[in-house]
Amino acid sequence: MVSRLLIISIQPIPPPPSSSSSSLTSLHPDMILSLAAAMSSGGIPQNTTSSSPFDPSPLDPWLDPYPDPYPDLPGVNASSSDVPGRTYTSDLDLRPLTSQQDVSPWDVALCVTGTLIACENALVIAVLFYTPTLRAPMFILIGSLAFADLLAGLGLILNFVFTYLVEGEVVTLVATGILIAAFSASILNILAITVDRYLSLYNALTYHTERTVLFTYLVVGVIWLVCLVLGVLPALGWNCLDDQSTCSVCRPVTKSNAVALAVFFLLVFALMMQLYLQICRIAFRHAQQIAVQHQFLAMSTTKGVQTLSVILGAFATCWLPFAMYSIVADSSYPIIYTYSTVLLAACNSVINPVIYAFRNPDIQKGLWLACCGCVPSNLSLRPRARTSSDV
């Protein structure tokens with residue numbers, strides 16, 4: 001009995017009928033072929049409707065339907081998805097510049113301002129050069145100021161050209177040196193004109209004999225020598241091209257140089273204010289001493305005080321913002337503040353010909369003679385003596 005049970009237990013159990021074989025035989029032959037093709041291609045159906053064997057399938061991750069136009073530059077046109085076979089390092093666009101650099105409106109404004117400055121001061125220099133009667137020390141200083149402002153205008157134009165047309169450290173240093181020398185000369189010539197006006201009132205009787213033309217030329221020479229030294233300092237190594245962390249708001253001028261120039265301007269401005277206050281005191285004292293011409297001198301003195309207010313106000317408005325900003329700011333500050341303060345400082349060279357040249361009756365006569373060959377009846381052909389209103 002036991003042996004019979006063992007024999008029965010070890011008999012193999014017949015396998016159940018295969019349902020897959022019956023199901024496969026029940027399938028249509030076309031469906032079997034499609035399933036076999038899918039299994040052989042890894043389970044991803046191929047695009048059988050493409051007319052070209054090179055057309056990539058939108059379902060195939062191994063083929064890029066949008067090829068990289070710059071395959072030699074890693075990171076260019078990289079997407080956020082990971083594509084096998086490619087390595088993307090960063091999102092930085094390292095493509096070579098194939099189109100023109102965008103022009104900043106601020107640079108255009110500075111270039112236009114420089115052109116206006118150059119035209120105005122070239123006219124002043126032409127009138128002084130072709131008018132033989134304008135050779136007094138005062139006109140020599142006005143001509144030196146006009147030449148400094150002319151150089152500043154040309155420097156602004158060259159800076160625009162060097163920024164967008166010519167590249168290199170050498171041209172950058174050249175443009176920077178021209179601008180530093182020109183604007184420094186402009187400020188020092190304004191100071192020299194202020195000193196000249198003060199001496200003409202303080203020593204009214206001996207002014208024309210003590211202040212000779214030769215002495216004035218020596219003063220102008222010293223001014224330009226100092227300004228040329230200041231202009232070549234960036235080219236001699238006083239720049240921040242090698243260490244960008246030391247740059248001021250005006251690259252490549254270093255922060256220490258910018259602060260020194262700003263302090264120098266503040267000292268000049270303080271001296272100008274002191275001199276003009278002395279001029280006002282002298283003018284009022286002259287008006288009180290001469291009782292016969294009191295009304296005439298009072299009107300003339302009032303006009304002189306108004307002129308002083310315009311001169312100091314324009315000078316302070318144009319240069320003080322840039323000087324103070326150069327002291328407190330550095331290259332990390334927004335560049336729009338630098339552009340706005342520099343443009344305002346450049347406007348001082350626009351109004352200098354109006355304040356110091358075009359208001360002068362003798363230069364006005366030269367302009368009339370040069371433009372139309374005549375002089376209006378309200379302007380005398382003889383040189384006019386200086387009064388307190390000519391400050």
Side-chain angles (χ1 to χ4, degrees), residues 114-155 157 181-183 185-201 203-224 227 279 300 303-304 307-308 310-311 314-315 348-391:
T115 304
L116 179 61
I117 292 172
C119 293
E120 281 185 326
N121 291 278
L123 180 60
V124 174
I125 293 175
V127 171
L128 294 176
F129 183 78
Y130 288 105
T131 306
T133 57
L134 303 180
R135 297 293 184 269
M138 175 182 61
F139 297 112
I140 296 174
L141 295 175
I142 293 176
S144 179
L145 174 62
F147 182 75
D149 289 333
L150 172 63
L151 192 61
L154 295 178
I157 299 173
F183 283 121
S186 178
I187 293 174
L188 287 180
N189 277 290
I190 292 176
L191 177 62
I193 291 174
T194 305
V195 174
D196 177 76
R197 290 176 171 179
Y198 169 75
L199 293 177
S200 66
L201 292 177
N203 298 324
L205 298 179
T206 60
Y207 168 79
H208 294 285
T209 58
E210 293 179 354
R211 299 295 176 265
T212 61
V213 174
L214 179 60
F215 178 80
T216 306
Y217 276 120
L218 290 176
V219 172
V220 171
V222 171
I223 289 175
W224 279 102
C227 295
I279 289 174
S300 179
K303 182 180 177 181
T307 305
L308 288 180
V310 172
I311 293 174
F315 190 72
N348 183 249
S349 296
V350 177
I351 63 179
N352 279 341
V354 179
I355 294 177
Y356 297 99
F358 297 148
R359 289 177 54 255
N360 188 280
D362 298 324
I363 296 180
Q364 289 179 7
K365 289 184 291 185
L367 285 174
W368 280 102
L369 290 173
C371 295
C372 61
C374 60
V375 178
S377 57
N378 58 340
L379 294 176
S380 174
L381 288 177
R382 296 180 59 185
R384 188 173 58 91
R386 180 192 292 261
T387 64
S388 59
S389 64
D390 292 334
V391 294

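The first residue of the sequence shown is numbered 1, and numbering continues consecutively from there.
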ask   = Quick one: does Phe358's side chain get under 4.5 Å of Leu367's, heavy atoms only?
value =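 Answer yes - side chains close enough.
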Measure across [X] and [Y] and return the closest heavy-atom pair with its distance rounded to 0.1 Å.
X: Ile190; Y: Phe315; result: CD1-CE1, 3.9 Å
X: Ala314; Y: Asn348; result: O-ND2, 4.0 Å
X: Cys227; Y: Leu188; result: SG-CD1, 3.7 Å
X: Ala192; Y: Ile223; result: CB-CD1, 3.9 Å

Spacing of [atom1] belonging to [X] relative to [atom2] belonging to [Y], to within rounding of 0.5 Å:
X: Phe139; Y: Thr133; atom1: CZ; atom2: OG1; result: 7.5 Å
X: Ile142; Y: Asn360; atom1: CD1; atom2: CG; result: 5.5 Å
X: Ile311; Y: Ile351; atom1: CD1; atom2: CD1; result: 10.0 Å
X: Thr216; Y: Leu141; atom1: OG1; atom2: CG; result: 5.5 Å
X: Leu145; Y: Ile140; atom1: CG; atom2: CD1; result: 14.0 Å
X: Leu308; Y: Ile279; atom1: CG; atom2: CD1; result: 6.0 Å

query = For residues 135-153, which residue pairs qualify under side chain to side chain donor-acceptor pair (under 3.5 Å), counting only residues two or more places apart or in two chains?
reply =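 Only Ser144-Asn189, Ser144-Trp224, Asp149-Ser186, Asp149-Ser349, Asp149-Asn352 qualify under side chain to side chain donor-acceptor pair (under 3.5 Å).
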Which atom pairs, donor and acceptor, lie under 3.5 Å between side-chain atoms of residues 116-123 and protein residues at least two apart or in another chain?
unit_1: Asn121; atom_1: ND2; unit_2: Ile117; atom_2: O; d: 2.8

